[in-house]
There are 2 protein chains.
Amino acid sequence: MAEASTRGHIVEAADRIFYENGFDHTSFADIAAAVKISRGNFYHHFKTKDDILDAVIERRIAATRAMLDGWEIAGETPEARIASFIEILHANCEKIQKFGCPVGTLAAELAKLDHRALPSAVALFTLFREWLRRQFAQLGCGPSSDQYALRLLARSQGIATLANAFRDRAFIDAEVAEIHDWLGARVKEAKSRMAALGVRQRRPK
Amino acid sequence: MAEASTRGHIVEAADRIFYENGFDHTSFADIAAAVKISRGNFYHHFKTKDDILDAVIERRIAATRAMLDGWEIAGETPEARIASFIEILHANCEKIQKFGCPVGTLAAELAKLDHRALPSAVALFTLFREWLRRQFAQLGCGPSSDQYALRLLARSQGIATLANAFRDRAFIDAEVAEIHDWLGARVKEAKSRMAALGVRQRRPK
DNA sequence: GTCTATAGACGGATAGAC
DNA sequence: GTCTATCCGTCTATAGAC
């Protein structure tokens, strides 16, 4: 009971501090101080820093799954659901300007550290990629769906990186608007594509 | 002479190791080992780790200036010069997959460390931004030039981040091709824009 | 009395600065 | 070459629950 609570508090604090200050730069003492427990107590819950990282990534994966499921339910159309994804750039605007994207910056750091948990961090990207691919497929983008998913992910990452560097909110707004336009164009493209396929499928009959 | 040479070797090694392993994670011993000098000799050239970082950023700024000047001379048209920028994603393909973009990952790390050198690192981005803005302006993109410069920078950053995470060379190739298409569209847009302006300017006369 | 959560101290290792 | 700070990991001690 108390264990689950304390452990939860540790992971929650570690998640935030890893995001704000980086994984490698964060010490046990930093996390312990944030949770207000002793370092001795800390080792009762986690043997190594890598164990905490694993727990943090698991927590992020669960949170991401929940968020994507929420969008799946709330969004009436694939277009609306993809738009939900684009809007996280607005929703997390302040944090992105201060610390960048939590997914992208963690993966980049773990790649430099040559850390064994890198694949787990990349799995977070894969969650988004697969989800977006499904949405584009439902939109009717066919074999281009994965490419569009990756492109949207990449553009979001780039916007986060530059917004972080330049601390520029207006830039985020402008790019988000442009991506919404791009999504609209994909919808139109898919519609005409489906119409052409419909003609082709009807012809031979 | 020997001093300048040793100092240069230190900065060169630090530049590479900061890129490959990250700034915070790199120790004096790591750099000293790479240059094969004693730690005592090290302090003769640099007082603190931050001093090395400053020197590394200066070096990168000089290298970037030289590269941009080279493109300016070699490229016949603004379109060709912008294409040179896009092609660095191909040229540095292997390193990007392993370590990401040197500019973006350094700025992201310094932002998390809340490091005083962050503005210097962002100046690297500004070099590219200003150069690209000038090229788009010469292309005839008018007031959209800075927006296009930022968009191209952001897309490159996003591609580097995802290529680093997924270690996917084919993704880089596909996105580079798409960005070249986008550039072609901007050229056409600028031409029709200039034609319209030409008509307007001639009419009143 | 045992198990568990918590606290705090000790030692080795390493990094940065002089 | 040395000094100091810090961090990691382990060890022991205490308090309360069952």
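The analysis underlying the following values was restricted to heavy atoms, covering all of them including side chains, and did not include hydrogens, waters or symmetry mates. Owing to the predicted nature of the structure, the values given are computational and were not obtained by experimental measurement. Chain naming here is simple, since letters A, B, ... match the order of the sequence lines and numbering starts at 1 in each.
Every residue was checked against the side chain to side chain donor-acceptor pair (under 3.5 Å) condition with A:Gln147, not counting sequence neighbours, and none meets it. In terms of the side chain to side chain contact (heavy atoms under 4.5 Å, CB included) criterion, residue partners of B:Ser120 (sequence neighbours excluded) are, by chain and number, B:Ile57. Considering only residues two or more places apart in sequence or on other chains, A:His115 meets the side chain to side chain donor-acceptor pair (under 3.5 Å) condition with A:Asp50. A:Phe42 pairs by the ring-ring contact (aromatic ring centres under 6.0 Å, His included) definition with A:Phe28, not counting sequence neighbours. In this view, B:Asp24 and A:Asp24, A:His25, B:Glu109, B:Leu113 satisfy the side chain to side chain contact (heavy atoms under 4.5 Å, CB included) rule, not counting sequence neighbours. Contacts of B:Ser156 classified as side chain to side chain donor-acceptor pair (under 3.5 Å), with partners at least two apart in sequence or in another chain: none.
Each end of the helix from C:dG1-D:dC18 to C:dC18-D:dG1 gets its own rotation axis from five pairs of C1' atoms, and the angle between them is 0° to the nearest 10 degrees.
The interatomic distance linking A:Phe42 (CZ) with D:dT10 (P) rounds to 14 Å, in whole Å. Between the CD1 atom of A:Ile10 and the P atom of C:dA7 there is a distance of 10 Å, rounded to whole Å. Residue A:Phe46 contributes atom CZ, which lies 15 Å from atom P of D:dC8 at whole-angstrom precision.
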In a table with atom names and distances, give each donor-acceptor pair under 3.5 Å that connects a side chain of residues 80-88 of chain B to protein atoms at least two apart or in another chain.
residue: B:Arg81; atom: NE; partner: B:Gln135; partner atom: OE1; Å: 2.7
residue: B:Arg81; atom: NH1; partner: B:Gly75; partner atom: O; Å: 2.8
residue: B:Arg81; atom: NH2; partner: B:Gln138; partner atom: OE1; Å: 2.6
residue: B:Ser84; atom: OG; partner: B:Ala80; partner atom: O; Å: 3.2
residue: B:Glu87; atom: OE1; partner: B:His90; partner atom: ND1; Å: 2.9
residue: B:Glu87; atom: OE2; partner: B:His180; partner atom: NE2; Å: 2.7

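A cation-pi geometry, defined here as NZ or CZ lying under 6.0 Å from the six-membered ring centre and within 45° of its normal, holds between A:Arg129 and B:Phe166.
Contact annotation: A:Asn41 side-chain N/O to C:dA5 OP1/OP2 distance is not under 4.0 Å. Here A:His44 reaches the OP1 or OP2 of C:dA5: one of its side-chain N or O atoms lies under 4.0 Å away.
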Problem - Contact letters for nucleotides 9-18 of chain C, in which S counts primed atoms plus P, OP1 and OP2 and B counts the base, heavy atoms under 4.0 Å - result: ------SBBB
